[in-house]
Amino acid sequence: MQSETTPLLQNGQLNRTQLPSSGSGMLQPMSPRQKVQRSQPVRIMAVRRLQEEEQQFRTSSLPAIPNPFPELCSPASSPVLAPGSLPQGQPASKHDVKVFSEDGTSKVVEILADMTARDLCQLLVYKSHCVDDNSWTLVEHHPHLGLERCLEDHELIVQVESTMGSESKFLFRKNYAKYEFFKNPMNFLNSSSCPEIQGFLHVKELGRKSWKKLYVCLRRSGLYCSTKGTSKEPRHLQLLADLEDSSIFSLIAGKKLYNAPAEYGFCIKPNRVRNETKELRLLCAEDEQSRTCWMTAFRLLKYGMLLYQNYRIPQQRKAMLPHFSTPVRSVSENSLVAMDFSGQIGRVIENPAEAQSAALEEGHAWRKRSTRMNILGSQSPLHPSTLSTVIHRTQHWFHGRISREESHRIIKQQGLVDGLFLLRDSQSNPKAFVLTLCHHQKIKHFQILPCEDDGQIFFSLDDGNTKFSDLIQLVEFYQLNKGVLPCKLKHHCIRVAL
């Protein structure tokens, strides 16, 4: 019977190397009993194996899902659930989540129970027809407590919403500083620590309005303060807050609500706390740089490698996309192609560099044609001077008539990174504009004044040395050249209506 063994592998697949080819001859005749014993197991095992492979193929295309209960795993287990590890055949329940934008508009979105913050941001980007540059984020906002924080990309929306009070809400906004530590780590490095996780902080006493300046140490087990100067000996360390079931928030109007000594406050809030302030551990740093380092250290200690994976996933997806298709835009914008009509027959421009050059050339030619036609007296609805003063209002970086304080608030909310900017109307000069720019975590303002040359209005921010026919040209120039500014214009503040 050794020669009649079925040619199967251990996993149930047929060993094709042992089967005869169609032209090599016929199989040896077998009795009906042998055919039944040998053919049925082969077919059943093969079908089962195909079904398993199909199911594995479906689940392998899904992204890794964060394990909400890592403490239940063994030390060798990953804090991320492997694809296919969830029970099959149990459809995820659906929930309605209301998300607000910066201008007060809102949208109710139906999501699955396992949807993460990154998934919801990408869904809102698609529905709002804006560019997905991986800087959009979901903000957990508590107006009654004066707290807010950006959700990590892997956090589950339904799980976070269960810890929020009735007055709390989600905000959809930009945050360019979310992964600034991985982009520019030298801004966070101080001495031998990475980043600084020990130093003096103002700490608010629980149940009191007073603040004390204490020497604080951040460890994996929690946040400690020293009871004896700057000593870090275990017998001199007192636990201030546990990091296991807590999140770190930025303080909004900390001076007004909590009598904080400075505006650089942050808070460690237990997840079980909804509307109470008595269990909030309020802290305050001396400057913005120190606050950013402390909050970044908290995130790194709590999430570790998972935080770096959140940063790398968009980078890997971007590398896989073609050069001309990034950044990802809406479906209507991706359906457009660059065309060249300079010859007798139009042609599609397939080279990305040529397409970009043609677009820039067409933009400059349009401005020249518009200016020349209006000067010659054509019946254009916009006078050249009127056109140059209103064309910028169609741009996302122009925020209209907002105050200096409001521009500071917008810059801080969307991340204090170098090159973050916006343009607004000047409050002191009705004909001028102001460029608000962030550099080295400080916000600076540059006035843009109109000047006249040969009967035409130009704009300049260096006393007329460099002139531009409109603000769009000015912004495009300083995005490529630093000029008199401390840095180039890199990111613009944007507010999208949902």
Undergrad: Apply the side-chain contact (heavy atoms from CB on, under 4.5 Å) test between L282 and each candidate in L257, L251, L206, T277; give the one that qualifies.
TA: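 Testing each of L257, L251, L206, T277 against L282, the sole residue satisfying side-chain contact (heavy atoms from CB on, under 4.5 Å) is L251.
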Undergrad: Sub-3.5 Å donor-acceptor pair from the side chain of W294 to the main-chain atoms of Q198, do we have one?
TA: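 Such a contact is absent between W294 side chain and Q198 backbone.
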Undergrad: Give a yes or no on whether the backbone of H491 and the side-chain of W397 come within a donor-acceptor separation of less than 3.5 Å.
TA: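 No, the answer is negative, given that no donor and acceptor are paired below the 3.5 Å cut-off.
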Undergrad: Taking the six-membered ring for Trp, are F477 and F468 closer than 6.0 Å centroid to centroid?
TA: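 Between F468 and F477, which both carry aromatic rings, the centre distance is below 6.0 Å.
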Undergrad: If only atom types and distance count, is the side chain of D245 paired as donor or acceptor with the main-chain N or O of N271 below 3.5 Å?
TA: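 Not a single qualifying donor-acceptor pair exists.
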Undergrad: Kindly assign one of parallel, tilted or perpendicular to the pair H142 and H144, based on the angle between their ring planes and the thresholds 30° and 60°.
TA: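 H142 vs H144 ring planes: perpendicular.
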Undergrad: Do T116 and D119 have a side chain donor and acceptor closer than 3.5 Å?
TA: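 Checked: T116/D119 side chains pair up, N/O donor to acceptor below 3.5 Å.
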Undergrad: How far apart are the C-alpha atoms of Y179 and N134, what are their side-chain angles, what is the distance that settles it, and do they pass the side chain to side chain contact (heavy atoms under 4.5 Å, CB included) test?
TA: CA-CA 10 Å; Y179 298 114; N134 302 314; over 6 Å; no
Undergrad: Inspect the contact between R149 and E155 and indicate whether a charged nitrogen and a carboxylate oxygen are less than 4.0 angstrom apart.
TA: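 Judged by the 4.0 Å cut-off on N to carboxylate O distance, E155 and R149 do form a salt bridge.
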Undergrad: Among residues at least two apart in sequence or on other chains, which ones pass side chain to side chain donor-acceptor pair (under 3.5 Å) with R291?
TA: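 Only E288 meet the side chain to side chain donor-acceptor pair (under 3.5 Å) criterion with R291.
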Undergrad: Considering residues at least two apart in sequence or located in another chain, which fulfil the side chain to side chain contact (heavy atoms under 4.5 Å, CB included) criterion with R208?
TA: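 Side chain to side chain contact (heavy atoms under 4.5 Å, CB included) check on R208 returns E205, S210.
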Undergrad: With side chain to side chain contact (heavy atoms under 4.5 Å, CB included) as the criterion, how do L449 and F433 come out once you've worked through the C-alpha distance, each side chain's angles and the decisive distance to 0.1 Å?
TA: CA-CA 7 Å; L449 297 173; F433 303 92; over 6 Å; no
Undergrad: Can K178 and D153 be counted as an ion pair, charged N to O under 4.0 angstrom?
TA: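 Looking at K178 and D153, the cut-off is met.
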Undergrad: Ignoring hydrogens and angles, tell me if any N or O in the side chain of S407 forms a donor-acceptor pair with the backbone of R404 under 3.5 Å.
TA: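 Between the backbone of R404 and the side chain of S407 there is a qualifying donor-acceptor contact (under 3.5 Å).
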Undergrad: Without hydrogens or angle criteria, can the side chains of T394 and H392 be said to hold a donor-acceptor pair below 3.5 Å?
TA: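 Distance-only check fails for T394 and H392.
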Undergrad: So, Y176 side chain and H492 main chain: donor-acceptor pair closer than 3.5 Å or not?
TA: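 Pair found, side chain donor or acceptor close to backbone of H492.
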Undergrad: Do the side chain of S128 and the main chain of L124 share a donor and acceptor less than 3.5 angstrom apart?
TA: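 It does hold such a pair.
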Undergrad: So, for N259 and K209, which heavy atoms are closest and what is the spacing to 0.1 Å?
TA: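 Nearest heavy atoms, N259 then K209: ND2-O, 4.3 Å.
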Undergrad: Regarding R173 and T137, is there a side-chain donor-to-acceptor distance under 3.5 Å anywhere?
TA: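 Short answer, no.
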Undergrad: Strictly distance-based, threshold 3.5 Å: is any side-chain N or O of S426 a donor or acceptor partner for the main-chain N or O of P430?
TA: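 No, because the side chain of S426 does not come within donor-acceptor range (under 3.5 Å) of the backbone of P430.
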Undergrad: Is it true that H202 and E286 share a donor-acceptor pair across their side chains at a distance under 3.5 Å?
TA: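 There is such a pair (donor and acceptor under 3.5 Å, judged by atom type) between the side chains of E286 and H202.
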Undergrad: Distance only, no hydrogens: is a donor on one side chain within 3.5 Å (strictly under) of an acceptor on the other, for R118 and Q122?
TA: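 There is no such pair between these side chains.
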Undergrad: Are D453 and K467 ion-paired here, with the side-chain N under 4.0 Å from a carboxylate O?
TA: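 Looking at K467 together with D453, the answer is yes, because their closest N to O distance falls below 4.0 Å.
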Undergrad: Strictly under 6.0 Å, is that where the ring centroids of F249 and F266 end up?
TA: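 No: the rings miss the under 6.0 Å criterion.
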Undergrad: Does atom NE2 of H396 have more than 12 heavy-atom neighbours, drawn from other residues, nucleotides or ligands, at distances under 6.0 Å?
TA: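 Atom NE2 in H396 is not packed in, count stays at 12 or less.
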Undergrad: Backbone N or O of T292 within a donor-acceptor pair of the T296 side chain at under 3.5 Å?
TA: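 Yes.
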Undergrad: Backbone N or O of D287 within a donor-acceptor pair of the S290 side chain at under 3.5 Å?
TA: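 Not a single qualifying donor-acceptor pair exists.
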Undergrad: Is a salt bridge present between E276 and K269, judged by a nitrogen-to-oxygen distance below 4.0 Å?
TA: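 Judged by the 4.0 Å cut-off on N to carboxylate O distance, E276 and K269 do not form a salt bridge.
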Undergrad: For R424 and T436, run side chain to side chain donor-acceptor pair (under 3.5 Å): C-alpha distance rounded to whole Å, both residues' side-chain angles, the deciding distance at 0.1 Å, then the answer.
TA: CA-CA 8 Å; R424 57 185 175 89; T436 303; 3.3 Å; yes
Undergrad: Is the shortest distance from a Lys or Arg side-chain nitrogen in K412 or E406 to a carboxylate oxygen in the other one below 4.0 Å?
TA: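 Looking at K412 and E406, the cut-off is not met.
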Undergrad: Does the pair K444 and H439 meet the rule for a side chain to side chain contact (heavy atoms under 4.5 Å, CB included), with working shown?
TA: CA-CA 8 Å; K444 302 180 180 180; H439 179 63; 4.2 Å; yes
Undergrad: Report the C-alpha distance between K107 and V99 in whole Å, list the side-chain angles of each, state the deciding distance to 0.1 Å, and finish with yes or no for side chain to side chain contact (heavy atoms under 4.5 Å, CB included).
TA: CA-CA 5 Å; K107 181 185 289 292; V99 184; 5.6 Å; no
Undergrad: Going by distance alone, is a donor N or O of one side chain under 3.5 Å from an acceptor N or O of the other, for H445 and H408?
TA: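 A donor-acceptor contact under 3.5 Å links the two side chains.
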Undergrad: Do N465 and S460 pair up side chain to side chain, a donor and an acceptor below 3.5 Å, judged on atom types alone?
TA: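 The criterion, which ignores hydrogens and geometry beyond distance, is not satisfied for S460 and N465.
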Undergrad: Do Y303 and H154 have ring centroids that are under 6.0 Å from one another?
TA: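 Between H154 and Y303, the centre distance is under 6.0 Å.
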Undergrad: Assess whether salt bridge (charged side-chain N to carboxylate O under 4.0 Å, His left out) is satisfied between K174 and D133, documenting all intermediate values.
TA: CA-CA 10 Å; K174 288 267 192 178; D133 56 358; 2.6 Å; yes
